[in-house]
Amino acid sequence: MKKTSVTNLPFIDLTSQQNLIRENLDLAIKRVLSHGEFIMGPEVLNVEVELAKRSNTNFCITCGSGTDALTIPLMAANIKKDDVVFVPSFTFTSSAEVIALRGAIPFFVDIDSRTFNMDAENLESSIKECLRSGGKPKAIITVDLFGQPVDFDSIISVAEKYNLWILDDAAQSFGANYKSKPIGSFAKVTATSFYPSKPLGCYGDGGAILTNDEDLFNKMKSIRTHGYKDKLRKSETLGLTSRFDSIQAAVLLEKLKIFNNECVQRNKVAEIYTKELCSILKTPVVIEEAQSVWAQYTIISDRRDSISSYLSGKGIPSALFYPFPLHLQKPFLGYPMPKKGLPFTEKLATQVLSLPMHPYLDEDTQYFIISAIREAIKG
Ligand SMILES: Cc1ncc(COP(=O)(O)O)c(C=O)c1O
């Protein structure tokens, strides 16, 4: 029967997932409690092997958060004061914060208004402007926003032309594919987050770095723990405390067993949203040969605030990612951006609305959400 009301509808349903694997989670956590190696225990090494395999890369380093997974490569590559790193403004704080914290300069680049991801043409014109003004371009941080890979072919060709390396912020896109290959090996380094609400999330903070570059891998591994090279605890460089917990690794190992299935389910949910909504508002566009993991399903509408409050009245949660572009926020004021500004970023910030999205969203509930959106638009 068609649903006519909902209560406590979650934006992301972690409870259904937990119920599905609860027994195995309990056993896995119990094993950690028994062996007592709470930090960097055997589960951590196992999950690093699994994550490298899953993403087709040679090396994986787990660490304390997605933010650390971005910081560590910048430290290893010696990104420092006055170096310029190109990054979108339409993203989560960390993507640019990690650059500024190194004393380097985030140069904000505009996005493609259909995909929310960095626009390759805008990137190239930004690099030219930076060079003309005497800046020192060093790297690019791409962000696979909402789970969709950036247009790697176009971005990589610009990066190669100007001899810049790419750090891919895949905090939202672990599990996505580009040209039939998993996210992880397109950029020189890929960083992801295991924050609980991410497509692959643990039950605390966590992150991972993926690379095929052995030299960089060794440097990053040492930076993760105070610049130590071996167990003698003698620092070779400055580093961090960014080790991964065994309990979190144990949780991830269990979640990885159902992850492929969950990615398929997320795509089914997204397909239904797009099929049912594309004629009444702007739905997200996935570029050719890419497959999103749908960390968020984000619609575009000039009436997003009224849609959001109508949904809220019906018990349907929605969220704004991201209403405040970074270049307009206090810590980032004054950093460079293209002379023409960031018109797509600023416009989309007023139009985006993310809908409930998770692998356990049943069709009845999803059609209830879709009907409510139709009513909101008619009203
Ligand atoms: C695009 C993006 N980058 C980086 C991060 C930072 O990850 P964490 O919260 O694990 O530090 C997030 C987390 O929300 C994110 O969405």
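Treat the numbers as computed from the prediction; the structure is a model and nothing was measured. Read the numbers this way: they start at 1 and go in the same order the structure lists the ligands and their atoms. One is the number of the first residue; the rest follow in order along the sequence.
In terms of polar-atom proximity, Asp169 is counted as a contact of ligand 1, with an N or O under 3.5 Å from an N or O of the ligand.
When the heavy-atom distances from atom 12 (C) of ligand 1 to Phe92, Phe194, Phe321 are ranked, the shortest goes to Phe92. For atom 14 (O) of ligand 1, the choice among Gln172, Glu97, Gln296, Lys198 with the nearest heavy atom turns out to be Lys198.
Ranking protein heavy atoms by distance to atom 11 (O) of ligand 1, first place goes to Thr67 OG1, 2.6 Å.
In this structure, Leu210 CG and Asn56 CG are separated by 10.5 Å, a value rounded to the nearest 0.5 Å. Between the CD atom of Gln248 and the CZ atom of Phe244 there is a distance of 6.0 Å, given to the nearest 0.5 Å.
Residues Thr62 and Leu51 meet the side-chain proximity criterion, which asks for heavy atoms closer than 4.5 Å. With contacts defined as side-chain heavy-atom distances shorter than 4.5 Å, the pair Glu346/His327 qualifies.
A salt bridge links Glu254 to Lys257: at least one charged side-chain nitrogen sits closer than 4.0 Å to a carboxylate oxygen.
Close approach of ligand 1 to Gly66 (heavy-atom distance below 4.0 Å) involves ligand atoms 7 (O), 8 (P), 10 (O), 11 (O). Of all the atoms in ligand 1, the ones that sit under 4.0 Å from a non-hydrogen atom of Ser193 are 7 (O), 8 (P), 10 (O).
Only side-chain heavy atoms of Val143 come within less than 4.0 Å of ligand 1; its backbone N, CA, C and O stay farther off.
Side-chain rings of Tyr335 and Phe107 stay apart, their centers remaining 6.0 Å or farther from each other.
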